[in-house]
Structures are given as C-alpha cells and as structure tokens.
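All values reported here derive from a predicted model rather than from experimental measurement. Hydrogens, waters and symmetry mates play no part in the numbers below; they use all other heavy atoms, side chains included.
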Amino acid sequence: MFPIEALSRLPTLATEISPEDWPSTPGAPSGSFRIEVDVGPDGRVMRVNPVCAPEMCEAAAIYSGAVVGWRFVPAEILGHRVSSRIHVEFEIGSPESAGFSAAPLTPSRAATPVVRPAEAAP
C-alpha cells in the first residue's frame, strides 16, 4: 500500500449501487461503522475489515459481504495502477423509522457510503 500523498489518482467506486442493493439487517441498532477496503491494481476488492462498536459488528459483517462485490477504478501513481486502502463509512437508521430494515442514509438525510482513502480517515 502506498501513502495517499504518493497517489496521482485516488480509487473511485465504479459499481453502481441502488437502494435495492443494500443488505437487510433486521433488528440492527441505529449507528455507524466503517469498513476498511483494500483495492487491488485491477480494481477488485482484495480484503475487507469491518471496524465497529460491538453492537454494530453484525451489521458491519453483513455490509462487508456486499462491499466484497464492488469494483473500483484503481488508484494510480504516475499512470501505473497500484493497490490502495480506503475506508467506507456507513450509518444505518433506527429500526423504528426504517421498519427494521437498515440502509445507508439517503442523500436528503446525509451522505450514503462515504468512501475515503484510509490515510485521510479520522
């Protein structure tokens, strides 16, 4: 993995994602979690690592399964594709307001998954 300042192009999500693509997490508590994603030089997800509070880890594991299928335009250094690590942040709503079906917040409420280079994440 290369430090973010070495990249001439950051990885970007190539997979189109619609609300129907989000996994169902019945009974999941409201909250947020992050998934570290290692993206290969071919744009495929090589590894996912959920980073979560204990009460959010089951939902994070379910979402990790969906993220594994995503494809990215890979990061580059001077025109050469390289591996990179990004963080994808998720927030799922309360079971009362979402009918016990968790999903990332809609753009009218907040950003859906936020994809950040790992080095830039808090």
Legend entry - Smallest separation among heavy atoms of Gly40 and Pro74, with atom names: O-CB, 3.7 Å
Inset, instruction - Kindly determine whether Val73 and Arg9 satisfy side chain to side chain contact (heavy atoms under 4.5 Å, CB included), including the steps that lead there. - result: CA-CA 9 Å; Val73 175; Arg9 182 178 75 189; 3.1 Å; yes
Inset, instruction - Considering non-hydrogen atoms only, spot the tightest contact between Phe72 and Ile86 and give its length. - result: CE2-CD1, 3.4 Å
Legend entry - Working for side chain to side chain contact (heavy atoms under 4.5 Å, CB included), residues Met56 and Ile92: CA-CA 10 Å; Met56 297 305 296; Ile92 57 176; 3.5 Å; yes
What donor-acceptor contacts under 3.5 angstrom involve side-chain atoms of residues 47-54, with partners at least two apart or in another chain?
residue, atom, partner, partner atom, Å
Arg47, NE, Asp38, OD2, 2.9
Asn49, ND2, Glu36, OE1, 3.1

Legend entry - Nearest non-hydrogen partners of Ile35 and Ser64, listed with the distance: CD1-OG, 3.5 Å
Inset, instruction - Determine whether more than 12 heavy atoms belonging to other residues, nucleotides or ligands lie under 6.0 Å from atom CD of Glu58. - result: no
Legend entry - The single option from Thr15, Asp21, Val39 passing side chain to side chain contact (heavy atoms under 4.5 Å, CB included) against Trp70: Thr15
Legend entry - Path from Leu10 to Val82 over hydrophobic side-chain contacts below 4.5 Å: yes
Inset, instruction - Rounded to the nearest 0.5 Å, what's the gap from CG on Leu13 to CZ on Arg71? Could you check? - result: 11.0 Å
Inset, instruction - Can you measure from OG (Ser84) to CD (Glu76) and round to the nearest 0.5 angstrom? - result: 11.0 Å
Inset, instruction - Report the distance from atom CG of Asp42 to atom CZ of Arg81, rounding to the nearest 0.5 Å. - result: 8.0 Å
Legend entry - Main-chain N/O of Leu78 paired with Ser8 side-chain donor or acceptor, under 3.5 Å: yes
Legend entry - Hydrophobic cluster membership, Val88 vs Val68, 4.5 Å side-chain cutoff: yes
